[in-house]
Every structure is written in C-alpha cells, then in structure tokens.
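One structure is given here, and the rest of the page talks about it.
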2 protein chains.
Amino acid sequence: MATRKAMNLKMLSEALGLSQTTVSRALNGFPEVAEKTRARVVEAAERLNYRPSPSAASLATGKSRMIGHVVSLSEHIMINPHFADFIAGAGEIYAQSGYDILLRLAPLEEQERIYLNLAEDQRVDGVVVHGPLTGDSRIGILNALGMPFVVHGRCDEEGADYCWMDVNNRRAFHRATKFLLDLGHERIALINGLETMNFAERRRQGYEAALAEAGVALDERLLHSADMVEPYGYQATRALMELDEPPTAILVASVLPAMGVTRALVDLGLRAGEDVSVIAFDDCLSFLQSGYKGSAPDIPYFTAVRSSIREAGKRVAQLLLERIETPDGPPLSELWEADFVIGQTTAPPRRR
Amino acid sequence: MATRKAMNLKMLSEALGLSQTTVSRALNGFPEVAEKTRARVVEAAERLNYRPSPSAASLATGKSRMIGHVVSLSEHIMINPHFADFIAGAGEIYAQSGYDILLRLAPLEEQERIYLNLAEDQRVDGVVVHGPLTGDSRIGILNALGMPFVVHGRCDEEGADYCWMDVNNRRAFHRATKFLLDLGHERIALINGLETMNFAERRRQGYEAALAEAGVALDERLLHSADMVEPYGYQATRALMELDEPPTAILVASVLPAMGVTRALVDLGLRAGEDVSVIAFDDCLSFLQSGYKGSAPDIPYFTAVRSSIREAGKRVAQLLLERIETPDGPPLSELWEADFVIGQTTAPPRRR
DNA sequence: GCCAAAATCCAAAGCGCTTTGAATTTCGTT
DNA sequence: AACGAAATTCAAAGCGCTTTGGATTTTGGC
C-alpha cells in the first residue's frame with residue numbers, strides 16, 4: 001500500500017504546494033481564489049480522490065448536512081406505509097443536494113426533547129415535522145430553537161408563523177361529500193383517520209360543511225375515527241351495515257381502510273358502486289401504484305380524492321432546503337388541491 | 001441570558017476543578033478514575049446539562065454512532081411498505097443503544113460507491129444491506145472495506161463469510177406447496193416476487209422441490225414473477241384464470257399482491273377458499289395488522305406462511321450492533337422458520 | 001516510616017476542517 | 001519607475017472531543 005491514511009486537506013494542499021486555506025476556499029467556491037488555481041485544485045482533488053471529512057467540517061462549521069426526521073414509534077405514522085412513500089420522495093430531493101436523512105424513532109411525548117437535543121448537538125440542519133396534531137407543541141419548540149423546519153400538514157389556521165405544506169383536506173372532503181349528495185345519497189358514513197391528527201379534523205370539517213349546506217343532519221352513528229389500517233375499515237363497515245338504517249355511501253380517509261371496506265362488503269354480499277358507494281382518499285401509495293385498477297383497464301377502481309404523498313415528500317424537502325438557505329425569510333407554505341377522480345365505486349343510491 | 005454557548009467539556013471541567021481528561025474519562029467509563037469523582041462528574045454533567053458534541057467525538061474517535069441504511073430509490077424495496085416495518089423494528093433497537101439511522105436513497109448501481117464513501121468518510125459505524133440479489137456484489141465491497149454489516153436475507157449458500165439474518169424461505173414455500181398438494185391440488189400457481197431477489201429465488205426452489213417430490217410436473221404458465229404490488233396480484237390472477245386449465249390453488253409471495261388476487265377473484269365471481277385456494281407469505285405488515293381478520297373473529301383470513309418483518313428488523317439491528325462491538329469475531333447468522341397458519345382461504349380443490 | 005506499586009489525575013497533542021487577520025503578489029495609474 | 005489598490009495566498013487559531021505519556025498522590029507490605 002502506498003498511502004495508509006485517507007487523503008485529507010493537509011496532504012492535498014502539500015501535494016499542490018498551496019496552503020490549506022487556499023485549497024479549502026477553492027473547493028468551497030470562495031471568490032478570493034483565482035480561477036486558474038481553483039481549477040488546479042479541483043482537478044487534483046478529483047484525481048487524488050479527496051473528500052472532506054464530514055465530522056471535521058461539521059465541527060468547524062456547525063452544519064451537518066443532515067435532515068432530521070423523527071417519527072413516532074408505535075404510533076400512527078411509521079406504523080403505516082404512508083411514511084415510506086413520503087420519505088422516498090423527500091430522500092430523492094435530499095440526495096440531489098447532498099443531504100442525508102437522520103431518522104430517529106421515538107414516541108411523541110419524547111419528541112420535544114429530541115428536537116432540543118438535535119438542535120443543541122447541531123446534528124441536523126433542519127427537521128420535518130410529521131403528523132401534526134391540532135395545536136402541536138413541537139412547533140413552538142422548534143421556533144424557539146431557531147431550527148429550520150417544515151411541517152407536513154398544519155396544526156393551526158392560516159397565517160401561522162411556520163413553514164408547512166399541506167393538502168386541502170377540508171375542500172377535498174367537501175367535494176367528495178357534495179358529489180355523493182348530488183348523486184342522491186343522504187346517509188353518508190365517514191371512516192376517518194384519528195381525529196387528534198389535524199388533517200383528519202379538517203377532513204371531517206369538510207364533510208360536515210357539505211352536509212350542512214345540503215341540509216342533511218349529521219348522524220354520529222355514521223362517524224368512525226381510528227388508525228388508518230385495513231382491519232379498521234373492515235370492522236367499521238361491518239358495524240355500519242348492521243345499523244337499522246345503514247349508509248348508502250361511505251367516505252374513507254385512506255385506501256388502506258378502503259380495502260377493508262371492500263372486503264367487508266364482499267363478505268356481506270354487497271358490491272361497491274352498486275349497493276354501496278365508496279369514495280377513498282388516495283395517497284397514491286406506490287405499492288398499490290396509481291393502478292389499483294379495476295376490471296376495466298385505465299379506469300381506477302375507487303372513486304377518490306387523490307394527492308400523491310410522494311410528491312408531497314419532495315415538495316416538503318424542497319421547502320426545507322430553501323428554508324435552510326434562507327432561515328430569516330418569511331415562512332413558506334403551500335396548499336395543494338387534491339384531484340377528484342371518478343372510479344367504479346360510486347353510483348346513485350339503490351332504490352329501496 | 002447567562003450562558004451564550006452550549007455547555008462543553010472545557011466549561012464542565014472548569015466548573016468541577018478537574019481536567020478535561022478526567023472528566024472525559026469519567027463520563028466514558030474508563031477505569032482509571034476514582035468512583036467518587038466519577039459520581040461527582042456525572043452529577044455535574046447531568047445538572048449542567050452537558051452533552052458531548054457528536055461531531056467532535058466523531059472526529060476524535062472515528063465513530064459516528066450512526067447506522068447506514070441505503071435503499072433503492074425507484075426499485076423494489078422502498079417502493080413497498082415492507083421497508084417501513086423493517087426500519088421500525090431496527091430503529092427501536094438503535095434508539096435503545098443511542099444509535100441513529102442514516103438513510104440514503106440511491107439506485108442499486110450506485111450503492112457500491114456509496115458504501116465506499118460512507119466508509120471513507122467514517123459516516124457510519126455499520127450498514128445493513130437490503131434486498132440482496134443472488135451473488136450480490138455489495139457484500140464483497142463491504143468485506144473489503146472492513147465495514148461491519150448485516151445482510152437482511154442472503155445472497156449465497158450456507159457458510160458464506162458475512163453476517164446475515166434470513167427467513168427459511170425455501171422451507172416455508174416447500175411446506176405451503178406440500179400442504180396444497182396434500183389437499184389434492186395439482187395445478188398450483190406461484191405468484192412470486194422478482195426472482196433477481198435472492199429470497200424469491202429460494203421461494204421458488206421450495207415450490208419446485210415440493211412439486212417434484214410429489215411427482216407433479218412444473219407448468220411454466222403457472223409461474224409469475226414481478227414486483228410485489230397489489231395490481232400485480234390482480235393482473236396475474238386474471239391471466240391465470242384465463243388459462244385453459246386454470247390453477248385450483250395460488251401461492252402468493254406477499255399479502256400485497258395477495259390482496260390483488262382476492263380482488264380479481266371477486267371480480268370473477270370466485271371465492272378464495274372455495275373455488276380457489278390461496279396461500280400468502282405474510283410479513284405481518286403493521287398496517288394490515290396481524291389482523292387482516294376474516295369474518296370469523298380470530299381466524300386469520302389468509303392461510304399463510306408468516307414471519308414478522310418488524311421482528312426481523314429488530315434482530316438484524318441487534319446482530320449489527322454486536323458485530324460493531326466485536327468486528328473480528330466469526331460472522332453471525334440466523335435463520336428463522338416461518339409460522340404456518342391456517343386461515344380461510346384454503347380447501348380441497350373443487351370437483352369438476 | 002520507607003519505597004515500589006497502584007491509583008489518580010493532568011497537560012498537551014492530535015482529529016481534519018474553516019476562517020480570521022496578515023502577508024505577499026499583481027496590476028492599473030500617474 | 002513608483003505607489004496604492006486589488007487580487008491572491010498563507011500561517012495560525014479555533015471547533016470540542018479523545019488519548020498519549022507523564023506527573024502526582026495513595027496505598028500496601030515490610
């Protein structure tokens with residue numbers, strides 16, 4: 001072996017006959033180094049396979065080129081596969097900019113402390129907040145710490161002083177509900193996510209508003225709220241269909257429980273789109289693919305309000321990187337409208 | 001504000017009237033410091049909220065207390081939710097030991113280079129290899145780099161010189177196939193994962209061995225192989241049932257495509273467990289919960305070979321941490337047998 | 001009470017990078 | 001040719017921790 005140790009700044013600068021200062025500046029694009037020498041330095045760095053030590057750079061600058069994602073362990077995020085898609089989108093953006101993800105699993109009640117530690121330790125340059133609750137305390141902490149962050153979702157009304165990216169859940173569910181009402185449905189069930197989650201609360205608001213506008217009374221028995229897993233959709237549907245007056249349409253907060261819904265309907269000898277209408281919120285989960293096609297090719301199975309969670313991951317990552325670049329600008333935020341796609345699971349209600 | 005800067009070793013040692021050496025040693029459990037002073041140091045560190053800077057420690061020791069997980073971007077791992085469950089299990093173990101996950105998304109062809117960089121940069125203390133191919137080149141690289149790693153799965157036959165943790169896929173599929181044969185099925189379809197993946201190859205071997213033992217000829221038309229997503233199961237089943245002699249039983253490599261299978265059967269007016277038997281490999285995905293219960297409570301819907309991927313994540317993490325502790329021991333490996341649970345989707349074949 | 005051995009503790013030298021403040025060179029003017 | 005400004009380059013001081021080698025204090029056996 002010729003060299004025992006990995007190439008470092010000192011060796012590189014000696015090889016070039018330049019000072020470490022100049023080499024460092026050349027590589028980091030500072031203006032006070034002549035273009036000619038910069039070219040020389042860059043070439044040599046490339047040739048000698050020099051790459052700066054991240055921990056040394058981090059120690060010197062306080063920047064880590066890492067983005068923190070702290071997610072709940074046994075809770076409602078990691079537990080479901082939405083997170084995988086989100087992180088796939090975000091990770092793609094990070095990779096392009098030379099950032100890495102620092103992933104930490106922790107129960108919600110520890111997350112404040114964790115953000116504090118990550119900030120003090122300068123372990124990450126920014127974080128994204130997953131699954132915001134209504135009035136989430138994490139936001140205040142992060143603002144106080146001066147740590148750049150973007151919330152995926154929101155936890156308060158407009159104009160709040162933080163960065164977020166969200167889908168217009170209220171309007172999406174308003175539209176979906178109104179669509180069903182227009183078809184003639186009046187008994188419309190809502191199989192919602194956990195309503196401590198802000199997004200679920202908004203979805204319910206949209207649902208309730210549409211009902212109210214149509215003068216349809218709210219029936220509490222048609223409302224379910226829980227973690228968005230398959231068996232939940234199944235059980236909720238079984239319960240709903242046992243009511244004296246079962247719903248003629250069901251609004252489901254995710255395709256995961258929606259699959260449980262269809263399974264329950266099959267068990268009951270009912271068909272979605274004929275006996276009962278179903279609309280799902282479709283996050284375009286990759287393992288279902290935008291596919292989840294029905295028997296008719298190119299017509300989606302579910303009628304759905306749809307917004308890609310993977311694209312959301314990308315956008316959140318972009319916003320965060322911008323925020324890290326410019327920490328003192330006004331908070332960025334972005335609200336996406338969901339698509340509304342007609343599939344095979346909706347129809348006017350059956351005549352009795 | 002009293003203090004502008006975060007508490008560091010120097011400040012702490014001055015506050016204690018001790019040298020930085022002693023304080024550092026006291027906190028890191030070295031033997032050459034008196035228990036009495038160690039107690040004093042620990043108490044003061046706690047009280048003054050001292051936590052060592054990770055980048056400084058990393059620079060000084062070369063250890064980062066990070067575990068690298070590099071996963072394929074647009075490929076077959078992150079794309080499906082198995083990964084989320086795996087990482088949830090692993091992350092739990094890491095958290096207990098004070099490690100964090102460094103997550104990097106990259107196409108397979110770049111992963112060798114990435115491992116090289118992670119090693120040279122000393123960014124991680126170990127890595128786990130996801131989705132090993134048969135004869136995977138990543139293993140050789142990692143061994144050459146001397147980087148501790150554990151493979152989730154295997155890429156070669158027994159006795160290979162690396163750490164791995166795997167489920168006995170061959171035996172699992174052998175058992176499942178034999179079970180169907182014993183019920184009287186002869187036309188058994190296999191809806192497998194991508195057979196470049198080593199685990200899929202093993203599953204097929206188990207399937208083929210069982211057929212051969214029973215003297216049943218292999219029919220290529222009953223074999224499918226692709227990414228394990230829902231629509232794949234759907235389409236494969238539609239294709240299978242259009243054969244002149246459709247299968248009477250289907251073996252599916254994951255509950256994801258298995259859901260597509262049942263959806264296709266419903267569309268065709270067939271019922272799983274009556275008209276066609278279905279056995280799935282169940283990774284106990286959390287969003288389906290061990291539930292995915294059928295109409296009869298506490299009886300699982302699918303007959304399945306079952307092994308929790310989350311538990312696998314935990315175990316792989318444990319093995320890796322042990323490996324990091326003792327890098328020069330003999331390679332650790334572990335083979336788990338899958339459970340075989342009888343659900344509602346299997347029965348003797350229909351008489352014609 | 002004495003001395004070697006054991007137990008503690010410390011000063012200082014890195015780890016590899018960035019950055020300050022100063023030195024040196026180059027260049028446009030007069 | 002001389003001079004101040006502009007353009008380059010550099011030496012050295014951190015960043016906060018670990019660790020080597022040595023200094024100092026305690027201990028134990030006689």
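Note that the coordinates shown come from a computational prediction; the quantities given were computed from them, not determined experimentally. Here is how names work: the chains are called A, B, and so on, in the same order as the sequence lines, proteins then strands, and each is numbered from 1.
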Parallel under 30°, tilted from 30 to 60°, perpendicular over 60°: which one fits the rings of B:His130 and B:His69?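 Aromatic pair B:His130/B:His69 classed tilted.
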Taking the inter-plane angle between the rings of A:Tyr162 and A:Phe149 on a 0 to 90° scale, is it parallel (under 30°), tilted (30 to 60°) or perpendicular (over 60°)?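 Ring orientation of A:Tyr162 relative to A:Phe149: parallel.
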Starting at [atom1] of [X] and ending at [atom2] of [N], how long is that distance when rounded to a whole Å?
{"X": "A:Phe30", "N": "D:dT8", "atom1": "CZ", "atom2": "C1'", "result": "15 Å"}
{"X": "B:Arg123", "N": "C:dC17", "atom1": "CZ", "atom2": "P", "result": "13 Å"}
{"X": "B:Glu14", "N": "D:dG16", "atom1": "CD", "atom2": "P", "result": "13 Å"}
{"X": "A:Glu120", "N": "D:dG16", "atom1": "CD", "atom2": "C1'", "result": "15 Å"}
{"X": "A:Leu59", "N": "D:dT18", "atom1": "CG", "atom2": "C1'", "result": "12 Å"}
{"X": "A:Lys10", "N": "D:dA12", "atom1": "NZ", "atom2": "P", "result": "13 Å"}
{"X": "B:Gln122", "N": "D:dT18", "atom1": "CD", "atom2": "P", "result": "15 Å"}
{"X": "A:Gln20", "N": "D:dA11", "atom1": "CD", "atom2": "P", "result": "10 Å"}

Quick one: on DNA chain C, does A:Ala57 or B:Gly17 contact a more 5' nucleotide (nearest heavy atom)?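 In this pair, the answer is B:Gly17.
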Which is more 5' along DNA chain C, the nucleotide nearest A:Tyr50 or the one nearest B:Glu32? Just name the residue.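 The 5'-side residue here is B:Glu32.
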Within the 4.0 Å heavy-atom criterion, would you say B:Thr37 contacts the bases, only the backbone, or no part of the nucleic acid?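 Sugar-phosphate: the residue B:Thr37, judged by heavy atoms under 4.0 Å, touches backbone atoms but no base.
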Please evaluate the base of D:dT18 for a donor-acceptor partner in the side chain of B:Thr61 within a cut-off of under 3.5 Å?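 Such a pair does not exist between side chain and base.
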Any side-chain N or O of [X] less than 4.0 Å from the OP1 or OP2 oxygen of [N]?
{"X": "B:Ser24", "N": "D:dC17", "value": "no"}
{"X": "B:Asn8", "N": "D:dC15", "value": "no"}
{"X": "A:Ser53", "N": "C:dC17", "value": "no"}

If you only use heavy atoms from C-beta on, which nucleotide in [options] is closest to the side chain of [X]?
{"X": "A:Thr21", "options": "D:dT18, C:dC9, D:dA11", "value": "D:dA11"}
{"X": "B:Ser19", "options": "C:dC10, D:dC10, C:dC17", "value": "C:dC10"}
{"X": "A:Ala60", "options": "C:dC9, D:dC15, D:dG16", "value": "D:dC15"}

How about A:Asn117 and A:Arg123: do any of their side-chain heavy atoms sit closer than 4.5 Å?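 Counting from C-beta outward, A:Asn117 and A:Arg123 never come under 4.5 Å.
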Salt bridge (Lys or Arg N to Asp or Glu O under 4.0 Å) assessment of A:Asp100 paired with B:Arg104: CA-CA 6 Å; A:Asp100 277 311; B:Arg104 184 113 117 207; 2.4 Å; yes
Please name the residue in the list A:Phe86, A:Trp164, A:Phe199 that meets the ring pair (Phe, Tyr, Trp, His ring centres under 6.0 Å) test with A:His152.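 Of the listed options, the one satisfying the test is A:Phe86.
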